Amino acid sequence: MEKTRILVTGGTGYIGSHTVVELINAGYEPIIIDNLSNSNIDVLEGIKAITGVAPIFENIDCKDYTSLDRFFEKYPDIKAIINFAASKAVGESVEKPLLYYRNNLLSLINLVELMRKYKIDNFVFSSSCTVYGQADELPVTENTPIKPATSPYGSTKQMSETILSDSVNAYPNMKCILLRYFNPIGAHPSAEIGELPNGIPNNLLPYVTQTAAGIRERLRVFGNDYDTPDGSCIRDYINVVDLAKAHVNAVQRLVEQKNKKSIEIFNLGTGRGVSVLEIIRTFEKATGVNVPYEIAPRRDGDITQVWADSSLANTELGWKAETSLEETLLSAWNWEMRLKEKREAASK
Ligand code: UD1
């Protein structure tokens with residue numbers, strides 16, 4: 001039987017690559033588009049090592065309408081698109097806002113236009129808990145009010161949600177699922193794929209693993225004077241493989257027409273808030289490796305705390321975060337060790 005083809009834009013990226021693996025495991029045929037602006041072609045080997053399958057890959061920039069058009073002409077039988085192709089560094093977006101608006105919005109508009117042209121009805125979008133800002137009540141549900149964005153990155157996520165909601169209203173066949181991720185961390189348990197931060201990491205987990213590995217001298221904990229039990233910020237850290245599996249459920253829901261509305265929104269988190277200091281302690285316990293750290297001033301734009309109510313995803317998507325924090329942190333560490341091996345092998 002022919003496998004159902006799913007386009008994964010940004011499929012060599014962090015969350016994209018883990019999703020490609022889970023799509024293959026679930027019997028789909030993912031096709032990857034990526035311009036490799038923030039990922040590496042070697043990721044394809046990692047995917048093959050895990051699944052035994054080398055997915056079709058096309059080096060295309062989703063901002064380039066003409067190349068995308070040619071792509072859809074070449075692969076006319078795509079049943080759904082999962083769109084990961086976007087820039088995601090909050091700080092960089094403040095320095096280079098136009099880059100963010102161009103990358104994140106133009107790519108989305110091109111994809112939606114071409115899905116109309118090629119009669120593809122189903123779209124899954126990578127959104128973020130950043131749309132909630134510092135919510136007045138926790139945990140946040142999908143009905144928690146959206147706060148004004150605090151960065152161009154956050155603006156692009158809010159605008160993308162609006163673009164999709166307006167498109168679904170205008171185009172009767174189009175169906176869309178918006179997935180609002182909390183803080184994705186960890187790596188595939190095989191350590192064949194994981195996060196590949198460019199240069200000095202902005203996000204907490206890659207900084208923790210690089211510090212533990214001796215690449216960075218010490219982690220800076222941005223603030224211990226927040227109004228939280230230990231004074232450090234609280235987030236909802238979600239295992240990347242668990243997160244990837246939610247995309248398979250979303251695709252299935254759309255392809256099998258089990259969606260209840262033409263646009264649906266789901267929070268993807270664990271429902272548990274964990275502080276920065278707890279992350280360090282749990283990492284040390286799970287791996288037995290010390291993480292030198294110091295308390296530093298608060299980081300601009302950080303909110304105090306956020307965690308998800310994911311009960312809608314539990315009941316409607318049939319999805320639940322399953323992996324423990326310890327296991328997730330250990331997977332991040334094993335991936336860091338794999339990167340070290342690769343660096344050493346390359347320098348020989
Ligand atoms: C932010 C966005 C999220 C986005 C992600 C992508 C919000 C609320 N969240 O996540 O939507 O998808 O960036 O990059 O806007 N920390 C340290 N030291 C470090 C690094 C981080 O203490 O060296 C702390 C931060 O202050 C924060 C926590 O660790 O409290 C997590 O930070 P990070 O991993 O950067 O993610 P967010 O800022 O939560």
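Heavy-atom basis, side chains included; hydrogens, waters and symmetry copies ignored. Computed from a predicted model, the values in this text were never measured in an experiment. In listed order, ligands and their atoms are each counted from 1.
- Between L114 and F71 the shortest side-chain heavy-atom distance does not fall below 4.5 Å.
- Here the heavy atom of the protein found nearest to atom 10 (O) of ligand 1 is N183 ND2, 3.7 Å.
- For the pair Y181 and ligand 1, no heavy-atom separation below 4.0 Å is found.
- From the protein, the heavy atom lying nearest to atom 18 (N) of ligand 1 is R220 O, 2.7 Å.
- At a heavy-atom cutoff of 4.0 Å, ligand 1 is contacted by both the backbone and the side chain of N203.
- For atom 8 (C) of ligand 1, the nearest non-hydrogen atom of the protein is I303 CD1, 3.9 Å.
- Counting heavy atoms from C-beta on, the side chains of K175 and V168 never come closer than 4.5 Å.
- Heavy atoms of Y293 stay at 4.0 angstrom or farther from ligand 1.
- With hydrogens left out, the protein atom closest to atom 1 (C) of ligand 1 is V90 CG2, 4.0 Å, a heavy atom.
- Using a 4.0 Å cut-off to heavy atoms of K88, the atoms of ligand 1 that qualify are 6 (C), 14 (O).
- Protein heavy atom at the shortest distance from atom 19 (C) of ligand 1 is F222 CE1, 3.3 Å.
- Atom CG of L325 is separated from atom NZ of K285 by 10.0 Å, given to the nearest 0.5 angstrom.
- How far OG1 of T328 is from CG of D242: 6.5 Å, rounded to the nearest 0.5 Å.
- A donor atom on one side chain and an acceptor atom on the other are found under 3.5 Å apart for S127 and E161.
- Annotation: V221 places no N or O atom under 3.5 Å from an N or O atom of ligand 1; distance criterion only.
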Item to complete: Before giving the answer on side chain to side chain contact (heavy atoms under 4.5 Å, CB included), spell out for L36 and F57 the whole-Å C-alpha distance, their side-chain angles and the decisive distance to 0.1 Å.
Response: CA-CA 11 Å; L36 302 174; F57 169 81; 4.1 Å; yes
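- Applying the 4.0 Å criterion to heavy atoms of S128 picks out, from ligand 1, the atoms 3 (C), 11 (O), 12 (O).
- F125 is listed as a side-chain neighbour of K157, based on a closest heavy-atom distance under 4.5 Å.
- Using 4.0 Å as the threshold, V306 has no heavy atom nearer than that to any atom of ligand 1.
- Ring centroids of F84 and H18 are separated by 6.0 Å or more, keeping the two rings apart.
- The distance criterion of under 3.5 Å between nitrogen or oxygen atoms is met by R235 with respect to ligand 1.
- Taking a cut-off of under 4.0 Å to the non-hydrogen atoms of N202, the atoms of ligand 1 that pass are 20 (C), 35 (O).
- Atom 15 (O) of ligand 1 has its closest protein heavy atom at T130 OG1, 3.0 Å.
- Here the side chains of I185 and L329 are in contact, with some heavy-atom distance below 4.5 Å.
- Cation-pi geometry between R5 and Y75 is not satisfied (NZ or CZ under 6.0 Å from the ring centre, within 45° of the ring normal).
- Close approach of ligand 1 to C233 (heavy-atom distance below 4.0 Å) involves ligand atoms 30 (O).
- The closest protein non-hydrogen atom to atom 35 (O) of ligand 1 is R299 NH2, 2.9 Å.
- Each of Y181, F266, Y28, W319 was evaluated against H247; a single residue qualifies, Y181, per the ring-ring contact (aromatic ring centres under 6.0 Å, His included) test.
- Counting heavy atoms only, L204 comes closest to atom 21 (C) of ligand 1 of the residues V274, I234, L204.
- Neither the backbone nor the side chain of L205 comes within 4.0 Å of ligand 1, counting heavy atoms alone.
- For the pair N267 and D236, the minimum side-chain heavy-atom distance is 4.5 Å or more.
- Of all protein heavy atoms, the one lying nearest to atom 4 (C) of ligand 1 is Y153 OH, 3.5 Å.
- On a distance-only criterion, A89 and ligand 1 share no N/O pair closer than 3.5 Å.
- By the 4.0 Å N-to-carboxylate-O rule, R235 lies close enough to D302 to be salt-bridged with it.
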